[in-house]
Amino acid sequence: MNSTERYNFKIIEKKWQERWQNLKVFQAKVDHSKEKFYCLEMFPYPSGKIHMGHVRNYTIGDVLSRYKSLKGFNVMHPMGWDAFGMPAENAARENNLDPKDWTNKNISTMKNQLKRLGLSIDWDREISTCSEEYYKHQQLFFLELYEKGLVYRKENYVNWDPVDQTVLANEQVIDGKGWRSGAIVERKKLNQWFFNISKFSQDLLDGLDELNQWPNKVKIMQKNWIGKSFGCEIAFKTEGDLPVNEIKCFTTRPDTLFGFSFLALSVDHEISKYFNEDKRFQEFKKECSKTGTTEEAIAIGEKIGFKTNLMAINPLNPNQKVPVFFANFVLMDYGFGAVFGCPAHDQRDFDFARKYNLEIKTVVKPNGENDNFKVKDEAYSGPGELINSEFLNNLKVPDESIIKTIEILEKKKIGKKKINFRLKDWGVSRQRYWGCPIPMAYDNNGKVKAIPKEKLPIILPENVDLNSKGNPLDSKDDWKNIIIDGKKYVRETDTLDTFVCSSWYYLRFCSPRNNEYGYKKEDIDYWMPVDQYIGGVEHAILHLLYSRFFMKALGYKNETFKFNEPFKGLFTQGMVCHETYKDQDNNWLSPDEVELIGGQYHKKSEPNKKVNVGPSESMSKSKKNVIDPENIINNYGADAVRLFILSDSPPEKDVQWSEQGMVASYKFLQKLWTLHNKIKDKIKKNAKSNNENLNLEKFTNQMINKITNNLENFNYNVIIANIYEIYNFFNKEIDKNLNSKTIEENYKKILLLFSPAIPHFASECLEDLGFKSEILWPKINLDLLKEDKVDYIVQINGKKRLILNESRDINQENLLEKIKLNKLLDKYLNNKSIVKIIFVKNRLINLLINE
RNA sequence: GGGCGAGUGGCGGAAUUGGUAGACGCGUUGGUCUUAGGAACCAAUAGUGCAAGCUGUGAAGGUUCGAGUCCUUUCUCGCCUACCA
């Protein structure tokens, strides 16, 4: 390219993208002579076009992959498609298309868009979860887990839309109504398939400790989700008009048993069956399901109860009998669906007791209170000592009191020590068409039959009627009815939750074309685990926990599978945000519909109409505050977009999209190109000079050090600042009388430092200077890193008064001599005595003097 | 209610983990060049003061020769979570 021309990203980016593709530069192969690095970003859902979130996610991963390659690692950086899911079904229904066609079209569009970002992806490993080549292995995994006893079927409540005849996910229920039909959602019991993830609760919890390259935040979220609690199960004897003589409860506070004043049951507790005919109870139950839909209602939710005629007996004090209620705040799926109420030391129980005038007996006093302490306006759940508890009195709350009480209960055979987990089994059945078919069938008695492995894959039928009520597979009789070994069966028509697909895709990338099985042992033994996984924090719990479960499930009863955790390192990037705009009629406006005139936004189409600017929020179609990456790439090029998306904020935090910032990045590349040509001319001159070269070498070396450190620590925004610093320095320094050879050597290193962030630009410059192969990350010269002169901060009584540039490693005495020679300090030091000197080598000296 | 995190110029953000606060960019101001510029280049830019200086990292204390960084209290904001017994 002619050096007077502007930097033409259109030509140059295309050229390099084609070259990378043709030479298969990013193709990953098992090579035991090299250390591997598996870099993975969360694969996208093919929704139509890529968005800025993708741009950010994949740019971050690409910077890392390219850096690791230059560092000499054997990098695998694959990409695929999380291609099953409801949007395809909905879009297909609306546009009268086939979900498969819709999905594949989107994949092809998005793949081209990703390629235009210049990502270093091994496209030969591309996978799509909706292809039979992928999901057939998933069906086999399902059968394997079934054989291992990790899959089972049970009845479970679901959100049922009576109009659409379909099951709704929680987020599809809005104010108790179906998002599409608007019908009031019912709770319905359905038979569904479950993965026994709770079997691994303790393992999943323990595994978190090993994950020292995961954000703490995510580990805490998972820990809370798994929700281990230590306590005791107690069987309460009951008396009353029902054929019930015992109710089990789980409690973490058995020590407060003497404060017992009621027993509360979930409305779904098995005892509720005795109230099926009781109208008042049925009404109460309805009332309970009304509250508790919205989050706020739960937060301030009133406690309501339904009193039974049962009385529960305090096992430590058989004379005490308390009423048994059904209560809206008791959850059926935690513990036993029953709690013992101790109002004095639990706020919920306190509220409930107040409402129903139940006894509030204080059994814990805070430290420093006397035995007459009484709980008044709120429950006391802090530490202290037991009181009013007979033989438990004076035990220290919480540790001693809980352990001792459990011992006593166990001795009396009233209770048992118990560890309880909040984590529930994973319901994987979805009454949907566009998903992986579950390889199960039922005979005409409804008995389960696993499809024989040799009959796999079960291919999702095409040409289904998506407008039928309920699951379209249900009405596909020719697919549904099958014969195995001469016997008639009906297929399972539910499909798998799409989270199943994404729970093992990282394994598939290791052996994407292996036909026999989901992975090949040699491949995963080399590539796994994923060294760096990058994606949004919104998957902190479900996707990441399910993936971790999958590894444990595959390794269960399988000694050849040696992995415990899928992702060694995790990085969660922030979102891309943009200001929001609304017109006077409160309609959202997109950024292209508005323009800024004299500090005020106006509507482009109607310039006399003012626009209200809202806060910057995560880009979303509904608020119209989206910027289409494709337009941006067309206008400014991939490198400029990469530069901008990395520059403005640390990658783990949200970033504000800014048109000005984007333009600045574009202009910067133009300036950098001008500088490149200037440098190239200087190199060509072949000048020999020994005068001022050292500065350049030192600076380059410092930058290698800085950028390397910043790359290692994900400080990608600082790397961009470093690139600007390099520009500023070289742009000045290049005018000096420098040796051409020195310029060439150092500039080459600089270009390598540029290449993870702006690969097309750096490649072009390197080639322009005739550098071809041997591209490896530049080494740091530690000797050059040491300056022979150092700025010493001179403090008087802790205040900075002077900076002295003196030789490195100078000792305290010599530095003090120099200080005394400096007239600027006379006014501080004359006629004063130095009481103490703090000397930090090569940093500072602090003189403490008498004032 | 519980958990986690963050508060630094007009803005986004740096600060080798206790040692020159404000790197780098945006914006702003002034200048150069140009028919013109919303282009390019140069310079300035925390506040205050003519200046030496003084004051400054949400607020108040503390530890230290020295604190944006550590400790205590407190305020504000963001995110996650939700009646988990």
Side-chain angles (χ1 to χ4, degrees), chain A residues 215-221 223-225 227-229 231-232 249-254 256 264 266 291-292 295-303 327-331 333-342 345-349 351-352 420-424 537-538 540-541 574-575 616 643-644 647-650 652-656 658-665 667-668 670-671 674 705-706 709-710 713 715 717-728 731 791-803 824 827 835-840 842-848:
Chain A
N216 223 9
K217 181 172 69 171
V218 174
K219 287 197 276 185
I220 289 167
M221 281 162 78
K223 194 177 162 198
N224 292 340
W225 190 258
K228 181 179 181 176
S229 52
C232 176
C249 293
F250 172 75
T251 177
T252 55
R253 294 299 304 275
T256 60
S266 159
T291 59
E295 287 182 10
E296 239 184 326
I298 293 167
I300 51 165
E302 209 191 357
K303 312 276 177 284
N328 64 338
F329 63 90
V330 184
L331 303 171
D333 48 18
Y334 186 79
F336 298 96
V339 292
F340 97 79
C342 173
H345 307 289
D346 180 291
Q347 192 56 42
R348 283 173 321 222
D349 297 349
D351 297 342
F352 191 80
N420 208 19
F421 290 95
R422 203 190 83 117
L423 182 65
K424 285 175 269 173
V537 74
E538 65 273 19
I541 298 173
M575 294 179 296
S616 184
L643 196 60
F644 172 70
S647 69
D648 259 22
S649 292
E652 70 275 14
K653 294 214 314 198
D654 288 354
V655 63
Q656 311 297 322
S658 133
E659 187 71 23
Q660 275 167 338
M662 186 57 246
V663 172
S665 295
K667 286 182 184 170
F668 176 69
Q670 295 296 346
K671 283 162 65 171
T674 310
N705 187 37
K706 278 191 185 176
N709 286 333
N710 286 327
N713 296 310
N715 299 328
N717 56 325
V718 189
I719 288 168
I720 306 306
N722 295 147
I723 293 178
Y724 276 95
E725 277 181 83
I726 290 171
Y727 171 84
N728 292 338
N731 203 31
D791 280 342
Y792 288 86
I793 299 143
V794 182
Q795 295 182 338
I796 311 281
N797 284 345
K799 286 211 168 193
K800 181 184 79 177
R801 293 300 177 190
L802 189 69
I803 296 168
L824 283 172
K827 64 173 174 179
V835 182
K836 193 180 174 188
I837 297 173
I838 290 109
F839 177 71
V840 184
N842 293 327
R843 272 258 154 82
L844 68 82
I845 184 161
N846 187 3
L847 308 177
L848 303 187

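Chain naming here is simple, since letters A, B, ... match the order of the sequence lines and numbering starts at 1 in each.
Separation of the C1' atoms belonging to B/rG56 and B/rG22 is 11 Å when rounded to the nearest angstrom. For B/rG78 and B/rU73, the C1' atoms lie 22 Å apart once the distance is rounded to whole Å. Nucleotides B/rG13 and B/rA6, compared at atom P, are 13 Å apart to the nearest Å. Rounded to a whole angstrom, the distance from the C1' atom of B/rA15 to that of B/rA67 is 13 Å. The gap from the C1' atom of B/rC70 to that of B/rA23 amounts to 24 Å, rounded to the nearest Å. Using P as the reference atom, B/rU20 and B/rG66 are 15 Å apart when rounded to the nearest Å. Taking atom P in both B/rG10 and B/rC79, the straight-line distance is 25 Å, to the nearest Å. Nucleotides B/rG7 and B/rG68 place their P atoms 14 Å apart, quoted to the nearest Å.
Residue A/Asp346 is classed as having no contact, given no heavy-atom separation below 4.0 Å to the nucleic acid. A/Phe250 comes within 4.0 angstrom of a base, heavy atoms only. Using a 4.0 Å heavy-atom distance criterion, A/Asn728 is classed as a sugar-phosphate-only contact. Within the nucleic acid shown, A/Leu844 comes within 4.0 Å of at least one base atom, counting heavy atoms only. At a threshold of 4.0 angstrom between heavy atoms, the contacts of A/Gln347 with the nucleic acid are absent.
If you take CD of A/Gln795 and C1' of B/rG19, they are 7 Å apart, rounded to a whole angstrom. We find that CG of A/Asn722 is positioned 11 Å from P of B/rG25, with the value rounded to whole Å. Computed from coordinates, the A/Ile723 CD1 to B/rA23 C1' distance equals 15 Å when rounded to whole Å. Straight-line distance from the CG atom of A/Asn797 to the C1' atom of B/rU64: 14 Å, rounded to whole Å. Rounded to whole angstrom, the span from the CD1 atom of A/Ile719 across to the C1' atom of B/rA23 amounts to 15 Å. Between the CG atom of A/Leu802 and the C1' atom of B/rG53 there is a distance of 15 Å, given to the nearest Å. Atom pair A/Glu659:CD and B/rG27:C1' shows a separation of 15 Å (rounding to whole Å applied). Rounded to an integer number of Å, the gap from NZ of A/Lys223 to C1' of B/rG3 is 11 Å.
Residues meeting the ring pair (Phe, Tyr, Trp, His ring centres under 6.0 Å) test with A/Phe644, sequence neighbours left out: A/Trp657. Among residues two or more places apart in sequence or in another chain, the salt bridge (Lys or Arg N to Asp or Glu O under 4.0 Å) test is passed with A/Asp349 by none. In this structure A/Ser229 satisfies the side chain to side chain donor-acceptor pair (under 3.5 Å) test together with A/Tyr334, sequence neighbours excluded. With sequence neighbours excluded, no residue forms a side chain to side chain donor-acceptor pair (under 3.5 Å) with A/Lys667. Residues passing the salt bridge (Lys or Arg N to Asp or Glu O under 4.0 Å) test with A/Asp791: none are found, sequence neighbours excluded. When the salt bridge (Lys or Arg N to Asp or Glu O under 4.0 Å) test is applied to A/Arg801, no partner is found at least two apart in sequence or on another chain. With sequence neighbours excluded, no residue forms a ring pair (Phe, Tyr, Trp, His ring centres under 6.0 Å) with A/Phe421.
Nucleotide B/rG12: paired with B/rC24 (Watson-Crick or G-U wobble, both distances less than 3.5 Å). Using N1 to N3 plus N6-O4 or O6-N4 for Watson-Crick, or N1-O2 and O6-N3 for G-U wobble, each under 3.5 Å, B/rG78 pairs with B/rC4. As the counterpart of B/rG30, B/rC42 is assigned, both hydrogen-bonding distances of the Watson-Crick or G-U wobble pattern falling under 3.5 Å. Across all strands shown, nothing is found opposite B/rG56 as a Watson-Crick or G-U wobble partner with both distances under 3.5 Å. Under the Watson-Crick or G-U wobble criterion, with both distances below 3.5 Å, B/rG61 is paired with B/rC71. Summarising the base pairing, B/rG66 is matched to no nucleotide, lacking a Watson-Crick or G-U wobble pair whose two defining distances lie under 3.5 Å.
You'll find that the side chain of A/Arg801 is closest to B/rC54, out of B/rC54, B/rC24, B/rC4. With distances taken from any side-chain atom of A/Asp791 to the nucleotides B/rU20, B/rU55, B/rA23, the minimum falls on B/rU20. Out of B/rC4, B/rC24, B/rA85, the shortest distance to the side chain of A/Val339 is found at B/rA85. When distances are taken from the side chain of A/Ile803 to each of B/rU20, B/rG27, B/rC24, the shortest belongs to B/rU20. With distances taken from any side-chain atom of A/Leu331 to the nucleotides B/rA82, B/rA85, B/rG3, the minimum falls on B/rA85. Nearest nucleotide to the A/Ser229 side chain, out of B/rC65, B/rA85, B/rG3: B/rA85. Of all nucleotides listed (B/rG25, B/rA85, B/rC83), B/rC83 comes nearest to the side chain of A/Asn328. The side chain of A/Met221 lies closest to B/rC80, out of B/rG25, B/rC80, B/rU20. With distances taken from any side-chain atom of A/Lys217 to the nucleotides B/rU20, B/rC83, B/rC4, the minimum falls on B/rC4.
A donor-acceptor distance shorter than 3.5 angstrom exists from the side chain of A/Asn710 to the backbone of A/Lys706, with no hydrogens or angles considered. Under the 3.5 Å distance criterion, the side-chain polar atoms of A/Asp654 are matched with a main-chain donor or acceptor of A/Met575. Using a distance-only test at 3.5 Å, with no hydrogens or angles considered, no donor-acceptor pair links the side chain of A/Asn715 to the main chain of A/Asn709.
Residue order along RNA chain B, read from the 5' end via each residue's closest nucleotide, puts A/Gln660 first among A/Leu848 and A/Gln660. Taking the nucleotide of RNA chain B with the nearest heavy atom to each of A/Gly335 and A/Lys706, the more 5' of the two is matched to A/Lys706.
For the pair A/Asp333 and A/Lys424, the salt-bridge criterion is met [side-chain N within less than 4.0 Å of a carboxylate O].
By the rule that a glycosidic angle within 90° of 0 means syn, B/rU17 counts as syn. An anti orientation is assigned to B/rG7, its glycosidic angle lying beyond 90° of 0.
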### Summary
Expected string for nucleotides 8-15 of chain B under the B/S/- scheme (protein heavy atoms, under 4.0 Å, primed atoms plus P, OP1, OP2 as sugar-phosphate) is ----SSS-

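A sub-4.0 Å separation between OP1 or OP2 of B/rG19 and a side-chain N or O of A/Lys799 is absent. Contact annotation: A/Tyr334 side-chain N/O to B/rA85 OP1/OP2 distance is under 4.0 Å.
Nearest approach of A/Ala327 to A/Phe352, heavy atoms of both residues: CB-CE1, 3.9 Å.
Residue A/Trp225 holds its CH2 atom at 5.5 Å from CD1 of A/Ile541, rounded to the nearest 0.5 Å. Between atom CZ of residue A/Phe668 and atom CD1 of residue A/Ile723 there is a gap of 7.0 Å, rounded to the nearest 0.5 Å.
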Output a table of nitrogen or oxygen pairs between the protein and nucleotides 38-42 of chain B separated by less than 3.5 Å.
from   : atom 1 : to       : atom 2 : distance (Å)
B/rA39 : OP1    : A/Lys667 : NZ     : 3.1

